Trainee: 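Input: one structure, supplied below.
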Amino acid sequence: MDRRASWLKGVLDLLVLASLTEGESYGYAIAKRLDDAGLGRIRGGTLYPVLNRMEEAGLVAAEYRAVEKGPGRRYYVLTDEGRTVLAEQGRAWTEFDASVRSVLAEGGIR
Amino acid sequence: MSDYLDGLAARLAERGVDAERSRALLDDLAAHTAESGAAPEEEFGPIEEFAAALVPEEETREPEPDVLLWSADAFEGPARLNEMGAQGWEVERVDRLGRFVSRRAPEHPQTWEYRQELSPGRGDRERLAERLAPGGWEPCGHWSVLAYFKRPGSVTAGPAAELSAPPAPGRRRYFLGARGAVAIGVCLVVAVVAGTWSVLRMVDGAGEAEGPAEWAGTAVGFVFGALLVLGLSWGAARLAAARRDRN
(Lines give C-alpha, C1' and ligand atoms only; values in the text may rest on other atoms or scores of the structure.)
Protein backbone atom coordinates (compact mmCIF):
# COMPACT_ATOMS: atom_id res chain seq x y z
CA MET A 1 0.00 0.00 0.00
CA ASP A 2 1.22 3.45 -0.89
CA ARG A 3 1.53 5.07 2.53
CA ARG A 4 2.19 8.51 1.16
CA ALA A 5 -1.15 8.48 -0.68
CA SER A 6 -3.06 7.66 2.51
CA TRP A 7 -1.13 10.26 4.53
CA LEU A 8 -1.89 12.83 1.88
CA LYS A 9 -5.57 11.94 1.90
CA GLY A 10 -5.89 13.09 5.49
CA VAL A 11 -4.15 16.39 5.01
CA LEU A 12 -4.71 17.41 1.38
CA ASP A 13 -7.49 19.87 2.20
CA LEU A 14 -5.18 21.66 4.64
CA LEU A 15 -2.37 21.76 2.09
CA VAL A 16 -4.71 23.26 -0.49
CA LEU A 17 -5.92 25.87 1.99
CA ALA A 18 -2.33 26.65 2.95
CA SER A 19 -1.32 27.04 -0.69
CA LEU A 20 -4.00 29.72 -1.11
CA THR A 21 -2.86 31.91 1.80
CA GLU A 22 -0.64 33.99 -0.48
CA GLY A 23 -3.41 34.66 -2.95
CA GLU A 24 -5.72 33.14 -5.54
CA SER A 25 -4.71 30.17 -7.60
CA TYR A 26 -6.18 27.52 -9.92
CA GLY A 27 -6.26 23.74 -9.90
CA TYR A 28 -3.20 22.89 -11.95
CA ALA A 29 -1.05 25.57 -10.25
CA ILE A 30 -2.04 24.25 -6.79
CA ALA A 31 -1.16 20.68 -7.82
CA LYS A 32 2.18 21.86 -9.23
CA ARG A 33 3.00 23.81 -6.13
CA LEU A 34 2.39 20.81 -3.89
CA ASP A 35 4.43 18.63 -6.25
CA ASP A 36 7.30 21.13 -6.13
CA ALA A 37 7.10 21.06 -2.32
CA GLY A 38 7.93 17.35 -2.43
CA LEU A 39 4.47 15.94 -1.88
CA GLY A 40 4.45 14.11 -5.20
CA ARG A 41 2.09 14.46 -8.13
CA ILE A 42 -1.48 15.05 -7.12
CA ARG A 43 -3.81 14.03 -9.89
CA GLY A 44 -6.80 16.10 -10.92
CA GLY A 45 -9.04 13.18 -9.97
CA THR A 46 -7.96 13.70 -6.35
CA LEU A 47 -7.62 17.47 -6.28
CA TYR A 48 -10.86 18.70 -7.87
CA PRO A 49 -13.25 16.77 -5.60
CA VAL A 50 -11.39 18.31 -2.63
CA LEU A 51 -11.67 21.80 -4.14
CA ASN A 52 -15.35 21.17 -4.83
CA ARG A 53 -16.03 20.05 -1.26
CA MET A 54 -14.20 23.05 0.18
CA GLU A 55 -16.15 25.38 -2.08
CA GLU A 56 -19.44 23.81 -0.96
CA ALA A 57 -18.32 24.20 2.66
CA GLY A 58 -17.51 27.88 2.07
CA LEU A 59 -13.79 27.47 2.82
CA VAL A 60 -12.80 28.70 -0.62
CA ALA A 61 -14.62 30.82 -3.20
CA ALA A 62 -14.22 30.17 -6.91
CA GLU A 63 -14.42 32.54 -9.83
CA TYR A 64 -14.52 31.44 -13.44
CA ARG A 65 -12.51 33.51 -15.86
CA ALA A 66 -12.68 33.03 -19.58
CA VAL A 67 -9.48 33.44 -21.57
CA GLU A 68 -9.02 34.58 -25.14
CA LYS A 69 -7.38 31.38 -26.25
CA GLY A 70 -8.33 27.98 -24.92
CA PRO A 71 -10.61 26.97 -22.09
CA GLY A 72 -11.25 29.27 -19.11
CA ARG A 73 -10.13 28.52 -15.56
CA ARG A 74 -11.67 28.63 -12.13
CA TYR A 75 -9.61 30.68 -9.68
CA TYR A 76 -9.89 29.81 -6.02
CA VAL A 77 -9.46 32.20 -3.15
CA LEU A 78 -9.43 31.53 0.60
CA THR A 79 -12.49 32.78 2.54
CA ASP A 80 -12.42 34.01 6.16
CA GLU A 81 -13.96 30.71 7.19
CA GLY A 82 -11.26 28.90 5.26
CA ARG A 83 -8.58 30.86 7.12
CA THR A 84 -10.17 29.97 10.46
CA VAL A 85 -10.38 26.28 9.58
CA LEU A 86 -6.78 26.32 8.31
CA ALA A 87 -5.57 27.89 11.58
CA GLU A 88 -7.49 25.44 13.78
CA GLN A 89 -6.94 22.26 11.80
CA GLY A 90 -3.35 23.24 10.94
CA ARG A 91 -2.59 23.52 14.65
CA ALA A 92 -4.24 20.14 15.30
CA TRP A 93 -2.14 18.56 12.54
CA THR A 94 1.06 20.07 13.94
CA GLU A 95 0.27 18.63 17.38
CA PHE A 96 -0.44 15.25 15.80
CA ASP A 97 2.81 15.45 13.85
CA ALA A 98 4.72 16.27 17.07
CA SER A 99 3.20 13.23 18.79
CA VAL A 100 4.13 10.97 15.88
CA ARG A 101 7.70 12.31 15.90
CA SER A 102 7.94 11.84 19.63
CA VAL A 103 6.86 8.18 19.48
CA LEU A 104 9.11 7.51 16.48
CA ALA A 105 12.02 9.14 18.32
CA GLU A 106 11.45 6.75 21.24
CA GLY A 107 11.73 3.96 18.67
CA GLY A 108 15.08 5.35 17.58
CA ILE A 109 13.84 7.08 14.42
CA ARG A 110 15.17 10.61 14.12
CA MET B 1 -14.02 18.93 -25.73
CA SER B 2 -12.64 15.40 -25.50
CA ASP B 3 -14.82 12.30 -25.33
CA TYR B 4 -13.85 12.01 -21.70
CA LEU B 5 -15.09 15.50 -20.83
CA ASP B 6 -18.24 15.01 -22.94
CA GLY B 7 -18.94 11.84 -20.95
CA LEU B 8 -18.27 13.66 -17.71
CA ALA B 9 -20.62 16.49 -18.73
CA ALA B 10 -23.40 13.93 -19.23
CA ARG B 11 -22.73 12.33 -15.80
CA LEU B 12 -22.73 15.72 -14.08
CA ALA B 13 -26.04 16.60 -15.74
CA GLU B 14 -27.51 13.28 -14.55
CA ARG B 15 -26.40 14.20 -11.05
CA GLY B 16 -28.24 17.49 -11.22
CA VAL B 17 -25.27 19.88 -11.57
CA ASP B 18 -26.53 23.04 -13.27
CA ALA B 19 -25.29 23.80 -16.76
CA GLU B 20 -23.30 26.93 -15.91
CA ARG B 21 -21.39 25.34 -13.05
CA SER B 22 -20.76 22.24 -15.12
CA ARG B 23 -19.40 24.29 -18.03
CA ALA B 24 -17.01 26.23 -15.78
CA LEU B 25 -15.77 23.02 -14.18
CA LEU B 26 -15.31 21.25 -17.50
CA ASP B 27 -13.42 24.24 -18.92
CA ASP B 28 -11.19 24.20 -15.87
CA LEU B 29 -10.54 20.48 -16.30
CA ALA B 30 -9.80 20.98 -20.00
CA ALA B 31 -7.27 23.71 -19.10
CA HIS B 32 -5.77 21.39 -16.50
CA THR B 33 -5.36 18.57 -19.04
CA ALA B 34 -3.81 20.91 -21.58
CA GLU B 35 -1.31 22.18 -19.04
CA SER B 36 -0.41 18.81 -17.53
CA GLY B 37 -0.13 17.08 -20.89
CA ALA B 38 -1.67 13.93 -19.41
CA ALA B 39 -4.65 12.09 -20.91
CA PRO B 40 -7.89 12.98 -19.08
CA GLU B 41 -8.54 9.35 -18.08
CA GLU B 42 -5.06 9.15 -16.54
CA GLU B 43 -5.36 12.53 -14.82
CA PHE B 44 -8.90 12.22 -13.45
CA GLY B 45 -9.55 8.46 -13.37
CA PRO B 46 -12.63 6.60 -14.67
CA ILE B 47 -15.49 8.98 -15.57
CA GLU B 48 -18.09 7.40 -13.29
CA GLU B 49 -15.78 7.47 -10.26
CA PHE B 50 -14.69 11.04 -10.92
CA ALA B 51 -18.30 12.23 -11.32
CA ALA B 52 -19.23 10.47 -8.06
CA ALA B 53 -16.28 12.11 -6.27
CA LEU B 54 -17.17 15.56 -7.63
CA VAL B 55 -20.85 15.27 -6.75
CA PRO B 56 -21.14 12.90 -3.78
CA GLU B 57 -24.20 10.74 -3.27
CA GLU B 58 -25.91 12.93 -0.67
CA GLU B 59 -26.23 15.69 -3.25
CA THR B 60 -27.97 13.40 -5.71
CA ARG B 61 -30.50 11.94 -3.29
CA GLU B 62 -34.18 11.93 -4.11
CA PRO B 63 -35.68 15.31 -3.41
CA GLU B 64 -37.22 15.56 0.03
CA PRO B 65 -40.99 15.77 0.02
CA ASP B 66 -42.39 19.26 0.40
CA VAL B 67 -43.15 20.13 4.01
CA LEU B 68 -45.72 22.68 5.13
CA LEU B 69 -46.43 23.91 8.63
CA TRP B 70 -49.80 25.58 8.90
CA SER B 71 -52.69 26.17 11.26
CA ALA B 72 -56.42 26.89 11.29
CA ASP B 73 -58.86 27.64 14.09
CA ALA B 74 -61.23 24.86 15.16
CA PHE B 75 -64.10 26.31 13.11
CA GLU B 76 -62.06 26.62 9.92
CA GLY B 77 -60.13 23.38 10.52
CA PRO B 78 -62.26 20.77 8.71
CA ALA B 79 -62.74 22.81 5.52
CA ARG B 80 -59.10 23.91 5.36
CA LEU B 81 -57.81 20.41 6.06
CA ASN B 82 -59.84 19.00 3.19
CA GLU B 83 -58.78 21.88 0.96
CA MET B 84 -55.10 21.15 1.65
CA GLY B 85 -55.80 17.41 1.34
CA ALA B 86 -57.26 17.98 -2.14
CA GLN B 87 -53.90 19.55 -3.07
CA GLY B 88 -52.04 16.44 -1.91
CA TRP B 89 -50.95 17.55 1.56
CA GLU B 90 -50.83 14.75 4.09
CA VAL B 91 -50.88 15.73 7.77
CA GLU B 92 -48.19 13.73 9.55
CA ARG B 93 -48.81 15.11 13.03
CA VAL B 94 -50.09 18.08 14.95
CA ASP B 95 -47.35 19.87 16.87
CA ARG B 96 -47.54 21.26 20.42
CA LEU B 97 -48.83 24.60 19.17
CA GLY B 98 -51.65 22.93 17.27
CA ARG B 99 -50.05 23.42 13.85
CA PHE B 100 -50.45 20.80 11.14
CA VAL B 101 -47.13 19.32 9.99
CA SER B 102 -47.95 18.32 6.40
CA ARG B 103 -45.96 16.67 3.67
CA ARG B 104 -46.54 16.17 -0.01
CA ALA B 105 -44.80 13.39 -1.89
CA PRO B 106 -42.50 14.84 -4.59
CA GLU B 107 -43.62 12.16 -7.03
CA HIS B 108 -47.16 10.88 -7.57
CA PRO B 109 -48.84 12.78 -4.73
CA GLN B 110 -52.45 11.88 -4.03
CA THR B 111 -55.36 13.58 -2.34
CA TRP B 112 -56.21 13.17 1.35
CA GLU B 113 -59.46 13.51 3.30
CA TYR B 114 -59.72 14.65 6.90
CA ARG B 115 -62.04 14.60 9.90
CA GLN B 116 -61.86 16.78 12.97
CA GLU B 117 -63.55 15.33 16.06
CA LEU B 118 -64.07 16.49 19.62
CA SER B 119 -62.41 13.98 21.88
CA PRO B 120 -61.74 14.51 25.61
CA GLY B 121 -58.87 12.06 26.16
CA ARG B 122 -56.63 9.24 25.00
CA GLY B 123 -59.16 6.48 25.76
CA ASP B 124 -61.87 8.24 23.77
CA ARG B 125 -59.46 8.85 20.88
CA GLU B 126 -58.56 5.16 20.80
CA ARG B 127 -62.23 4.14 20.77
CA LEU B 128 -62.93 6.67 18.05
CA ALA B 129 -59.98 5.42 15.99
CA GLU B 130 -61.31 1.86 16.21
CA ARG B 131 -64.77 3.02 15.15
CA LEU B 132 -63.44 4.98 12.15
CA ALA B 133 -60.82 2.44 11.02
CA PRO B 134 -63.21 0.40 8.81
CA GLY B 135 -63.77 3.54 6.72
CA GLY B 136 -60.03 3.81 6.08
CA TRP B 137 -59.49 6.59 8.66
CA GLU B 138 -56.36 6.72 10.75
CA PRO B 139 -55.37 9.18 13.49
CA CYS B 140 -52.97 11.92 12.41
CA GLY B 141 -52.70 14.02 15.55
CA HIS B 142 -54.58 15.73 18.32
CA TRP B 143 -54.48 19.03 20.13
CA SER B 144 -56.38 19.91 23.29
CA VAL B 145 -59.83 18.30 22.85
CA LEU B 146 -59.56 18.10 19.07
CA ALA B 147 -58.59 14.84 17.37
CA TYR B 148 -57.72 14.59 13.69
CA PHE B 149 -58.09 11.67 11.29
CA LYS B 150 -56.99 11.21 7.69
CA ARG B 151 -57.52 8.77 4.87
CA PRO B 152 -56.04 8.63 1.38
CA GLY B 153 -58.28 9.87 -1.38
CA SER B 154 -57.85 6.51 -3.12
CA VAL B 155 -60.25 4.95 -0.56
CA THR B 156 -63.13 6.76 -2.25
CA ALA B 157 -61.72 7.89 -5.59
CA GLY B 158 -59.40 4.98 -6.48
CA PRO B 159 -56.59 5.79 -8.94
CA ALA B 160 -58.24 9.18 -9.68
CA ALA B 161 -56.88 10.36 -6.32
CA GLU B 162 -53.42 10.75 -7.85
CA LEU B 163 -52.61 14.36 -8.66
CA SER B 164 -50.91 14.89 -12.01
CA ALA B 165 -50.18 18.60 -11.44
CA PRO B 166 -50.39 19.50 -7.74
CA PRO B 167 -50.74 23.27 -7.29
CA ALA B 168 -48.01 25.27 -5.56
CA PRO B 169 -48.94 25.99 -1.93
CA GLY B 170 -50.47 29.41 -1.25
CA ARG B 171 -48.60 31.90 0.91
CA ARG B 172 -51.13 31.85 3.74
CA ARG B 173 -50.19 29.60 6.66
CA TYR B 174 -52.67 30.66 9.35
CA PHE B 175 -56.40 30.43 8.72
CA LEU B 176 -58.49 32.35 11.21
CA GLY B 177 -62.19 32.59 10.34
CA ALA B 178 -64.82 35.04 11.61
CA ARG B 179 -66.09 32.65 14.30
CA GLY B 180 -62.58 31.86 15.49
CA ALA B 181 -61.70 35.55 15.59
CA VAL B 182 -64.84 36.33 17.62
CA ALA B 183 -64.12 33.48 20.06
CA ILE B 184 -60.50 34.61 20.53
CA GLY B 185 -61.64 38.26 20.80
CA VAL B 186 -64.20 37.46 23.50
CA CYS B 187 -61.61 35.46 25.48
CA LEU B 188 -59.10 38.31 25.20
CA VAL B 189 -61.66 40.93 26.28
CA VAL B 190 -62.69 38.82 29.31
CA ALA B 191 -59.02 38.25 30.22
CA VAL B 192 -58.06 41.92 29.84
CA VAL B 193 -61.14 43.23 31.74
CA ALA B 194 -60.75 40.67 34.55
CA GLY B 195 -56.98 41.20 34.76
CA THR B 196 -57.19 45.00 34.75
CA TRP B 197 -59.99 44.98 37.30
CA SER B 198 -58.03 42.64 39.59
CA VAL B 199 -54.81 44.66 39.31
CA LEU B 200 -56.61 47.97 39.94
CA ARG B 201 -58.33 46.53 43.00
CA MET B 202 -55.04 45.22 44.35
CA VAL B 203 -53.25 48.50 43.76
CA ASP B 204 -56.06 50.25 45.68
CA GLY B 205 -55.77 47.80 48.55
CA ALA B 206 -51.98 47.54 48.55
CA GLY B 207 -51.55 49.92 51.47
CA GLU B 208 -54.20 48.27 53.56
CA ALA B 209 -53.64 45.44 56.01
CA GLU B 210 -55.47 42.99 53.73
CA GLY B 211 -52.96 43.49 50.88
CA PRO B 212 -51.13 40.11 51.08
CA ALA B 213 -54.39 38.24 51.64
CA GLU B 214 -55.83 39.86 48.56
CA TRP B 215 -52.76 38.82 46.48
CA ALA B 216 -53.21 35.25 47.66
CA GLY B 217 -56.92 35.43 46.89
CA THR B 218 -56.18 36.65 43.37
CA ALA B 219 -53.69 33.84 42.77
CA VAL B 220 -56.21 31.25 43.97
CA GLY B 221 -58.81 32.92 41.77
CA PHE B 222 -56.54 32.66 38.73
CA VAL B 223 -55.88 28.97 39.31
CA PHE B 224 -59.56 28.27 40.03
CA GLY B 225 -60.63 30.22 36.94
CA ALA B 226 -58.17 28.34 34.71
CA LEU B 227 -59.27 24.97 36.12
CA LEU B 228 -62.92 25.94 35.65
CA VAL B 229 -62.36 26.79 31.97
CA LEU B 230 -60.38 23.59 31.39
CA GLY B 231 -63.03 21.56 33.23
CA LEU B 232 -65.84 23.12 31.21
CA SER B 233 -64.00 22.47 27.92
CA TRP B 234 -63.32 18.88 28.92
CA GLY B 235 -66.95 18.40 30.04
CA ALA B 236 -68.24 19.88 26.80
CA ALA B 237 -65.94 17.59 24.80
CA ARG B 238 -67.18 14.59 26.82
CA LEU B 239 -70.79 15.52 26.19
CA ALA B 240 -70.07 15.96 22.49
CA ALA B 241 -68.24 12.60 22.40
CA ALA B 242 -71.16 10.87 24.17
CA ARG B 243 -73.62 12.42 21.74
CA ARG B 244 -71.40 11.38 18.82
CA ASP B 245 -71.21 7.79 20.14
CA ARG B 246 -75.01 7.59 20.40
CA ASN B 247 -75.39 8.52 16.72
Side-chain angles (χ1 to χ4, degrees), chain A residues 2 4-6 8-13 15-16 19-20 23-37 39-79, chain B residues 1-67 103 106-107:
Chain A
D2 182 1
R4 286 178 70 89
S6 61
L8 199 55
K9 202 174 170 188
V11 77
L12 182 58
D13 55 345
L15 297 173
V16 171
S19 68
L20 291 171
E24 65 176 22
S25 189
Y26 57 93
Y28 181 75
I30 295 170
K32 190 158 185 319
R33 184 167 178 186
L34 297 180
D35 190 4
D36 292 346
L39 291 159
R41 186 174 165 221
I42 292 155
R43 291 178 199 280
T46 306
L47 179 64
Y48 285 93
V50 170
L51 283 168
N52 234 20
R53 273 202 300 280
M54 291 199 299
E55 190 186 349
E56 296 272 324
L59 307 183
V60 298
E63 191 192 345
Y64 174 78
R65 283 184 218 150
V67 290
E68 276 186 26
K69 240 177 137 183
R73 283 203 189 101
R74 297 187 91 215
Y75 282 81
Y76 297 89
V77 63
L78 204 54
T79 63
Chain B
M1 243 187 338
S2 68
D3 288 348
Y4 180 93
L5 293 179
D6 284 337
L8 183 62
R11 298 296 188 287
L12 293 179
E14 281 169 16
R15 287 172 173 266
V17 177
D18 70 74
E20 194 182 338
R21 186 180 166 88
S22 179
R23 189 178 60 86
L25 181 64
L26 291 163
D27 263 15
D28 201 18
L29 299 178
H32 186 111
T33 334
E35 221 162 342
S36 70
E41 181 100 31
E42 185 197 330
E43 185 64 36
F44 305 118
I47 293 180
E48 200 61 57
E49 280 175 32
F50 189 37
L54 284 170
V55 190
E57 207 54 45
E58 60 266 24
E59 290 175 36
T60 59
R61 274 186 311 201
E62 289 268 303
E64 287 286 311
D66 292 330
V67 178
R103 282 176 180 269
E107 285 177 14

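Each chain gets a letter, A, B and so on, in the order its sequence line appears, and its residues count up from 1. Predicted model only: the values in this text are computed from it and were never measured.
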Trainee: So which part of A24(B) gets closer than 4.5 Å to some heavy atom of chain A, the side chain, the backbone, both or neither?
Mentor: both
Trainee: Look at the side chain of R33(A) and the backbone N and O of S19(A), then say whether any donor-acceptor pair between them is shorter than 3.5 Å.
Mentor: yes
Trainee: Assess, by modelled atom type and distance only, whether the side chains of E43(B) and Y4(B) contain a donor and an acceptor separated by less than 3.5 Å.
Mentor: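 Checked: E43(B)/Y4(B) side chains show no N/O donor-acceptor pair below 3.5 Å.
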Trainee: Where does E55(A) contact chain B at under 4.5 Å (heavy atoms): side chain, backbone, both or neither?
Mentor: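 Contact with chain B is through the side chain of E55(A) alone.
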Trainee: Would you mind reporting whether D28(B) and Y76(A) have side-chain heavy atoms less than 4.5 Å apart?
Mentor: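 Yes - at least one pair of side-chain heavy atoms lies under 4.5 Å apart.
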Trainee: Is E42(B) close to chain A through its backbone or its side chain, or both, or neither, when contacts mean heavy atoms under 4.5 Å?
Mentor: both
Trainee: Check whether any side-chain heavy atom of E14(B) lies under 4.5 Å from a side-chain heavy atom of V55(B), and answer yes or no.
Mentor: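 With C-beta onward as the side chain, the pair stays apart.
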Trainee: Check each atom of Y64(A) against the heavy atoms of chain B and say whether the ones under 4.5 Å are side chain, backbone, both or neither.
Mentor: side chain
Trainee: With a 4.5 angstrom heavy-atom cut-off, which part of R41(A) approaches chain B: side chain, backbone, both or neither?
Mentor: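 The side chain, not the backbone.
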Trainee: Relative to chain A, which of A34(B), S36(B), G45(B), P46(B) shows the most heavy atom pairs under 4.5 Å?
Mentor: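 When all of A34(B), S36(B), G45(B), P46(B) are compared, S36(B) has the most.
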Trainee: At a heavy-atom separation under 4.5 Å, does I30(A) approach chain B through its side chain, its backbone, both, or neither?
Mentor: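 For I30(A), there is no contact with chain B at all, as no heavy atom is under 4.5 Å.
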Trainee: Over 60° means perpendicular and under 30° means parallel, so classify the ring planes of Y28(A) and H32(B), tilted if in between.
Mentor: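 Judged by the thresholds at 30° and 60°, the geometry between H32(B) and Y28(A) is perpendicular.
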Trainee: So among V50(A), V16(A), L34(A), which one has a side-chain contact (heavy atoms from CB on, under 4.5 Å) with I42(A)?
Mentor: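 So, applying the side-chain contact (heavy atoms from CB on, under 4.5 Å) to I42(A) and each of V50(A), V16(A), L34(A), only L34(A) qualifies.
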